[in-house]
Amino acid sequence: MLYQVPFWIIQTICGVQTVPVAAQSAIANQRWDLMLQNQSGSQEVRKKNIDFGNSVLYAWSLFKEFAGEKMLEKNFDPKSFGKNFSFAAEASHRNEKAEPFMVLLPPPNVTGSLHVGHALCYTLQDIIVRYKRLKGCNVLFQPGLDHAGIVTQLLVEKQLYEKNGEKSSLGREELLREIWLWKENSGGKILEQMKVLGISCDFSRLRFTMDDGSKKAVSRLFVKLYNDGLLYRGERMVNWDPLIQSAISDLEVVEKEVNAKIWYLKYKLENSEEFITVATTRPETLFGDVAVAVNSRDDRYVDLIGKNVLVPLINKPVPIIADDYADPEKGTGAVKITPAHDFNDFEVGKKHGLPLVNIMNERAELEGEVPEQFRNLDRFKAREAVIDQLEIKGLLEKVETIMHKVPFGDRSGVMLEPRITCQWFIDAAKLAIPAVKAVKENRITFIPKHWENLFFEWMKNIKPWCISRQIWWGHRIPAWYGPNGQIFVAETAEEALQKASAFYGKDDVELVQDNDVLDTWYSSAMWPFITLGWPDVEAEFSKFYSRMTVVTGFDIIFFWIARMIMMGIYAAGDVPFHNVYIHALVRDEKGQKMSKSKGNVIDPLQLCDAYGADAVRYTLASMASPGRDIKMGARTVEIGRNFLTKLWNAVRFAQMNDCACCSKNFDVNTVKNPFSQWIVHNIKNMVIDVENSIENHRFDEVTRHIYQCVWNSFCDWYMEFIKPILQSGSEISDANSSAALRKKEIRDVTGWAIAQFVQILYMIAPFMAKKLSEEIGIADITWPNVGAITLDCSDSVEKIDRIQSVISSVRSLRQFLGIFSAEKLDAKIETANNAFRELCDEYKDILQRMAGISAVRDLDAQSIPVVVADVVVHIGFAGKIDVPTEKKRLSNEMKKLIKNRDDAINRLNNKDFLQKADPDIVQEHQERVNNLNDKINKIDYIIRNLANYYADSIAETVA
RNA sequence: GGGCGCAUAGCUCAGCGGUAGAGCACUACGUUGACAUCGUAGUGGUCGUAGGUUCGAUCCCUGCUGCGCCCACCA
C-alpha cells in the first residue's frame with residue numbers, strides 16, 4: 001500500500017509550506033512509503049516501507065536536504081565516525097607563549113597491548129590534557145615506548161624457540177638484531193590502540209627508551225652518579241632468577257604462599273653419638289652449611305655451643321655458634337647456617353666470620369663442594385636425592401607439611417635463589433633523603449594523599465638498588481675494564497679509552513665493556529629527562545620540567561614514581577612534577593582482579609567497538625572516584641553510551657528547529673526570557689563546577705556535573721519548556737513582533753547551550769564532540785568563557801524553579817490518583833498569593849503542556865488542592881477522586897512534614913542549640929518551622945474539608 | 001608482626017557536622033512532536049557494630065567485626 005507523508009507534520013515543524021507533499025490520515029503502525037512531489041508535479045518515491053515516526057523524520061530531513069542542509073542521523077552510532085578522526089593536529093599544535101603544561105605519560109612496554117587499566121590511565125590523562133589545551137595552555141603530551149628488557153628478550157627468545165624448535169644459540173649481537181627487528185615489525189601495537197581511544201598525545205614526538213637520546217641521558221646520569229660516589233660495583237647477595245639467569249631487584253620479587261615441606265635433619269655431634277636436630281625447608285643446601293646456630297639463652301643447647309657437628313652426607317665438621325638469630329620458638333631452636341644461599345644466614349656468617357660455600361651455579365644446579373652423585377643436579381632434583389640419602393642413613397627425623405611463602409620472579413615465575421654475585425648498585429638511601437623532603441614539604445603531592453604513606457614507608461626502608469642485569473636487551477652499562485680490572489666509567493667508549501690511556505700512560509689499551517645491561521626501570525626513572533631531550537635541548541627542558549602531572553597506578557609508585565623523584569632532584573636539582581594522581585585498579589564486576597588465567601579480562605578495544613570510544617572514556621571517567629577500585633562489567637559502558645545518545649538527540653532536536661548554533665553576534669548577556677536566563681544560569685554553574693572538579697582531579701564529579709546539566713536541566717526541563725515557543729510558527733511573518741524576537745532568542749540560547757556542551761565534552765568525548773562541532777559549525781573549540789556571563793538570572797531562576805515544582809507536584813498527584821496524562825485537568829490557583837497566581841497565569845501554556853492542566857482558571861468546586869511551595873493549587877477532578885485515597889495521601893504527606901517540623905522545633909527548644917549553634921543555622925531552622933507549619937495548616941484544612949471539596953464525589957460513591 | 005583502604009537503597013557508588021542522594025534494577029503509566037539507548041511517577045535506607053567528642057554524628061575520635069591491599073618475617 002502506498003501512502004504519502006502527511007503534510008501537516010512538516011507544516012507544524014517548519015511553519016511554512018515549502019514542499020508540496022499531499023497529506024493522508026495517519027494510521028499508527030502502518031507502513032509507509034515516502035513520496036515527494038516537486039514543483040512541476042512529478043513524484044518520486046524516496047523511502048519504502050518505513051514506520052510512521054520515521055516517515056516524519058525522513059520527510060523532515062529531506063526537506064532540509066532540499067534547503068542544502070545535512071541532518072544528523074536518527075540512529076546514533078558512536079562507532080561509525082570514531083575512526084575517521086585524528087587528533088594529530090591538536091596534539092602537535094602548541095602555543096609557545098602560553099603557560100607550559102605537561103602530562104608525563106607512563107611509557108607502555110613495547111610488547112604491550114591496551115588493557116582496561118591503560119584505558120583508564122590514558123583517558124584520565126587525555127582529559128586533563130584536552131582541558132588544559134581548551135584553556136589555552138602550551139600543552140605537551142608526549143608518547144613513548146619502554147624497551148622492557150626482560151619481558152621483551154624473553155618474548156623474542158620464545159618466538160625464536162617456537163620457530164626453530166630449539167633454544168636459540170644466537171650470540172649477543174645476533175639476538176639484539178632479532179629483537180630490534182621484532183620491535184620494528186611487531187612492537188608498539190599499543191600506540192595504534194591508544195589512537196582508537198582518542199588519546200591525543202603528539203605522536204610525532206614518539207620516544208623509545210633505547211633510542212639514541214635516551215642512551216645519552218642514561219649514560220650521562222650513570223657517569224654523574226659514579227663520579228659522585230652514589231653508584232658502585234660490588235659483590236653482594238642478590239635475588240637471582242635462575243631462568244633468566246640474572247639478578248633482579250627486590251621489587252621484582254613476589255612472595256607466593258605455597259604448600260611446602262619442612263624436614264627435620266639430624267646433625268651428629270663430633271666425637272659423640274648424640275645428634276642435634278635442625279629444621280629446614282631447603283635440605284639441598286646443606287652442602288653449603290658452615291655452622292649450626294642456637295640461641296645462647298636456649299637451655300637445650302647452651303652446653304653445646306662451641307662444639308662441632310658433622311654436616312650430614314659429607315661429614316664436614318662445622319661449629320655450633322650462639323646467635324640471637326636462632327629463635328627457640330621456631331623449628332627445633334637450632335638452625336643451619338648456609339651463608340651463600342640465604343639472606344639471613346649471609347648476615348650471620350658475616351658477623352661470625354664464617355666462610356661462604358657456594359654450591360650452586362647460575363642455573364641453580366649443584367656444583368662445587370658437593371659429592372659427585374649430586375653434582376649438576378637441578379636444585380629440586382637434588383633435594384629429592386638428598387632426602388633419599390638422609391632417609392637411608394637414618395638422619396631424617398621427620399617431615400611436616402606447612403604453608404610457606406617462597407620468593408618468585410615476577411617475570412619468569414620461577415623460584416628465586418639468593419646468590420652472591422658482582423653487581424652495580426645505586427646508593428638509594430642517599431637519594432631518598434631529598435625525595436622524602438620534597439613530599440613532606442608538599443612540593444610533590446600525591447592524590448589521594450594517603451598514598452604518600454606508602455611512599456614514605458618504602459623510602460624509609462630503601463635498600464641499595466641493584467641496577468645491573470645479566471641479559472642483553474637494554475642499556476649496556478657504560479663501564480669498561482682495563483687489563484688489570486681497573487674500571488673506567490664514561491659516556492662513550494672513546495671517552496673511556498681516553499681515561500684509560502691517561503691512567504695507564506699509553507694509547508693502545510685493551511678495554512672490555514661490562515657485559516651487563518641496566519635495569520629497565522633505570523631508564524624509566526629518567527623518563528622526564530628523556531622526553532624533554534635532556535641534556536641537549538635546554539629550551540624545552542627548562543620550560544616543561546617540574547610543570548608535569550603524572551597519572552599512574554599505585555603499583556608503580558616504588559618502581560617508577562619514587563625513582564623519578566630521586567633521580568629528578570639529583571640530576572636537575574628540582575622535582576620533575578608537583579602532582580601524582582594515583583588512579584584506581586579496574587576489576588571485574590564481581591570485584592576480582594582481572595587476569596588472563598581467570599578469563600575475566602575486559603578488552604577495552606572490544607568495548608570501543610561495541611559502544612564507541614567516547615562512551616568508554618566517559619564511563620571510565622565517571623567511575624574514577626578516589627580511594628575506590630572500579631568494578632566494571634561489560635554493560636557498565638551503557639552509562640556513557642546512553643548519555644552520549646541523549647546529547648546526540650538533543651542536538652538533533654536543536655538542528656531540526658534551526659537552533660543548532662547561535663548567531664554570530666549573539667550576546668548571552670542580553671537574553672531576557674526567563675527560560676533563557678534559567679538555562680544560562682545552570683550552564684554557567686555547571687562549567688564552574690566542572691573546572692573546580694577537574695582541578696581537584698575529581699573526574700567522577702566532572703562527568704556528574706555535565707550529566708546533570710545536560711540531561712536533567714537541559715533535556716528534561718529546558719527543552720520541554722521551549723517546545724511551544726519553537727513550534728509556534730504563525731507570528732513569524734512579522735520579524736519584529738515580540739513573539740518572533742522571543743523565538744529568535746530561544747533559538748540563539750539553545751544553540752549557545754549546545755555549543756557549550758559540545759565544547760566541554762571535547763575533553764571527554766572527543767570523537768562525538770568533533771563530529772557535532774563540524775555538523776553544527778563550531779569553528780574553534782575552546783573552553784566556555786563563563787567568566788564573561790555577568791547577567792543576573794536570579795529572578796528567572798526562582799520563577800522557573802517554582803513552575804518546576806508545580807509541574808512535578810501535579811504530575812505526582814496524577815499518578816497517585818491514577819489520572820493519566822491523556823486526560824486534561826482544570827486547575828485554579830488560590831488567590832491568596834497574587835504573585836504566584838500571576839506566575840501560573842504567565843506560564844499557563846507550559847502548565848498545560850507539561851502538567852496536563854487544560855486551563856488555569858478559578859474553579860468553584862470539585863478541585864483537588866495541591867500544596868506547592870507555600871501556595872495551594874486546586875486541580876479540577878471532575879468526579880474522578882476516591883476520597884479515602886486522597887485523604888490517605890494527604891495524611892501521609894502531613895506525617896512527614898510534622899516529623900520534620902518537630903525535629904526542628906526540638907532543636908529550637910534546646911538552649912544549648914540556641915547559644916552554641918551558628919546563628920545562620922538557627923535562623924534556617926526557624927524559617928523551616930514556619931514553612932512547614934504553613935503547609936501543615938493548609939493540608940490540615942484540606943483534610944478537614946475534604947467532604948466539602950468532594951461533596952459530589954462522595955455522593956457518587958454512595959450512590 | 002607493621003601499615004593502608006573500604007563498609008550508605010536489591011546492585012554499583014556519590015555525599016558529609018544541621019531535612020539521606022544518583023545510576024542500574026524493580027513497580028505503574030506512557031510511543032505520530034529530539035530520544036524506548038526514551039519519558040513521567042513511585043517502591044526501597046535505625047548510613048557495619050559498640051563507645052566517645054559535640055547543642056547536634058552517616059560524617060570527627062577510639063575499640064570491635066567483616067572485606068580488600070601493601071610491607072616484613074617464617075628453620
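Letters A, B, ... are given to chains in the order of the sequence lines, protein chains preceding strands, and every chain is numbered from 1. Heavy-atom basis, side chains included; hydrogens, waters and symmetry copies ignored.
- Map A:Glu589 and A:Lys916 each onto its nearest nucleotide of RNA chain B; the residue landing nearer the 5' end is A:Glu589.
- Comparing B:G18 with B:A25, their C1' atoms sit 33 Å apart, to the nearest whole Å.
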- Take A:Asp903 and A:Lys899 through the salt bridge (Lys or Arg N to Asp or Glu O under 4.0 Å) test and state the conclusion after the steps. CA-CA 6 Å; A:Asp903 284 353; A:Lys899 190 193 172 292; 3.1 Å; yes
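- Across all strands shown, A:Asn900 has heavy atoms under 4.0 Å from base atoms, whether or not it also approaches the sugar-phosphate.
- Nucleotides of RNA chain B nearest to A:Trp717 and A:Ile630 differ in position, and the one nearer the 5' end is that of A:Ile630.
- Each of A:Thr619, A:Leu585, A:Val586, A:Val616 was evaluated against A:Leu120; a single residue qualifies, A:Val586, per the side chain to side chain contact (heavy atoms under 4.5 Å, CB included) test.
- On the C1' atoms, B:U49 is 15 Å away from B:U8, given to the nearest whole Å.
- Closest contact between the side chain of A:Phe913 and the listed nucleotides B:G42, B:A75, B:C55 involves B:C55.
- Here A:Ser808 does not reach the OP1 or OP2 of B:U40: none of its side-chain N or O atoms lies under 4.0 Å away.
- Residue A:Ala279 has its side chain nearest to B:A75 when only B:U40, B:A75, B:C35 are considered.
- When rounded to the nearest whole Å, the span between CZ of A:Phe699 and C1' of B:A14 equals 17 Å.
- Distance CG (A:Asn930) to P (B:U19): 17 Å, rounded to an integer number of Å.
- Across all strands, A:Phe714 comes closer than 4.0 Å to no nucleic acid atom at all (heavy-atom distances).
- At a threshold of 4.5 Å between non-hydrogen side-chain atoms, the residues A:Leu396 and A:Leu265 count as touching.
- A:Trp711 comes within contact range of the sugar-phosphate backbone alone, with a heavy-atom separation under 4.0 Å but no base atom that close.
- OP1 or OP2 of B:A75 lies within a sub-4.0 Å distance of a side-chain N or O belonging to A:His404.
- Under the Watson-Crick or G-U wobble criterion, with both distances below 3.5 Å, B:C4 is paired with B:G68.
- Contact annotation: the side chain of A:Asp588 never approaches that of A:Lys631 to less than 4.5 Å [non-hydrogen atoms, C-beta and beyond].
- Taking atom P in both B:G3 and B:C64, the straight-line distance is 12 Å, to the nearest Å.
- Atom CE of A:Met403 and atom P of B:C73 are 18 Å apart (whole Å).
- Look at CD1 on A:Ile402: it is 13 Å from C1' on B:C73, rounded to the nearest Å.
- Around the CD atom of A:Glu329, the shell of radius 6.0 Å holds no more than 12 heavy atoms that belong to other residues, nucleotides or ligands.
- Annotation: B:C38 and B:G44 have their P atoms spaced 25 Å apart (nearest Å).
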- Could you walk me through whether A:Ile807 and A:Leu847 pass the side chain to side chain contact (heavy atoms under 4.5 Å, CB included) test, one step at a time? CA-CA 6 Å; A:Ile807 293 169; A:Leu847 293 175; 3.8 Å; yes
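- For A:Lys646, taking side-chain heavy atoms from C-beta onward, the closest of the listed nucleotides B:C73, B:C38, B:G18 is B:C38.
- Applying the 4.0 Å criterion to OP1 and OP2 of B:A72, one finds that A:Lys405 has every side-chain N and O outside that range.
- Only the C1' atoms considered, B:G66 is 8 Å distant from B:G48, to the nearest whole Å.
- The residue A:Arg907 sits close to a base: some heavy atom pair falls under 4.0 Å.
- Aromatic ring orientation, A:Trp711 versus A:Phe643: parallel (interplanar angle below 30°, classes split at 30° and 60°).
- A gap of 25 Å separates the P atoms of B:A34 and B:C29, to the nearest Å.
- Among the heavy atoms of the strands, none lies under 4.0 Å from A:Asn461.
- Taking 3.5 Å as the limit, the base of B:U40 and the side chain of A:Gln815 contain a donor-acceptor pair of atoms between them.
- In this structure the side chain of A:Lys646 reaches within 4.5 angstrom of the side chain of A:Cys715, judged on heavy atoms.
- Ranking B:U40, B:A75, B:A34 by closeness to the A:Asp716 side chain, first place goes to B:U40.
- Looking at the side chain of A:Ser625, the nearest of the listed nucleotides B:C13, B:U40, B:A25 is B:C13.
- With a cut-off of 3.5 Å on both Watson-Crick or G-U wobble distances, the partner of B:C29 is given as B:G39.
- Rounded to whole Å, atom C1' of B:G23 lies 14 Å from atom CZ of A:Arg641.
- Here the separation of B:G39 from B:G45, taken at their C1' atoms, is 27 Å to the nearest Å.
- Distance, A:Asp903 CG to B:A57 P: 12 Å, rounded to whole Å.
- Taking atom C1' in both B:U46 and B:A57, one finds a spacing of 14 Å when rounded to whole Å.
- Within the nucleic acid shown, A:Lys723 comes within 4.0 Å of at least one base atom, counting heavy atoms only.
- Of the nucleotides present, none pairs with B:C73 by Watson-Crick or G-U wobble criteria with both distances under 3.5 Å.
- At the heavy-atom level, A:Arg587 lies under 4.0 Å from the strands shown only through sugar-phosphate atoms.
- The side chain of A:Ala917 lies closest to B:G18, out of B:A75, B:C35, B:G18.
- In this structure, A:Phe643 reaches neither bases nor backbone, as no heavy-atom distance under 4.0 Å exists between it and the strands shown.
- A cation-pi contact links A:Lys723 to A:Phe653, judged by a cut-off of 6.0 Å to the six-membered ring centre and 45° from its axis.
- Ring geometry for A:His697 against A:Phe699 counts as perpendicular: the plane angle is over 60°, on a 0 to 90° scale with 30° as the lower cut.
- Between A:Glu284 atom CD and B:A75 atom P the separation is 12 Å, expressed in whole Å.
- When heavy atoms are screened at a 4.0 angstrom cut-off, A:Lys631 is found touching the sugar-phosphate backbone but no base atom.
- If you check every strand for non-hydrogen atoms under 4.0 Å, A:Asp629 touches sugar and phosphate atoms only.
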- Just by protein heavy atoms under 4.0 Å, how would nucleotides 3-8 of chain B read 5' to 3' in B, S and -? -SSSS-
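- Using a 4.0 Å heavy-atom cutoff across all strands shown, A:Met623 reaches no nucleic acid atom at all.
- No contact: A:Glu257 has no heavy atom under 4.0 Å from any strand.
- Counted by atom type alone, A:Tyr707 and A:Ser622 present zero donor-acceptor pairs between their side chains at under 3.5 Å.
- Between A:Lys895 and A:Glu893 there is no salt bridge, since no side-chain N of the basic residue sits under 4.0 Å from a carboxylate O of the acidic one.
- The base-pairing partner of B:G23, taking Watson-Crick or G-U wobble contacts with both distances under 3.5 Å, is B:C11.
- Among the atoms of the strands shown, only primed sugar atoms or phosphate atoms (P, OP1, OP2) are found under 4.0 Å from some heavy atom of A:Leu454.
- As a whole-Å value, the separation of A:Asn642 CG from B:A22 C1' is 15 Å.
- Within 4.0 Å (heavy atoms only), A:Ala326 reaches at least one base atom of the nucleic acid.
- Here B:C60 sits opposite B:G52 as a Watson-Crick or G-U wobble pair (both hydrogen-bonding atom distances under 3.5 Å).
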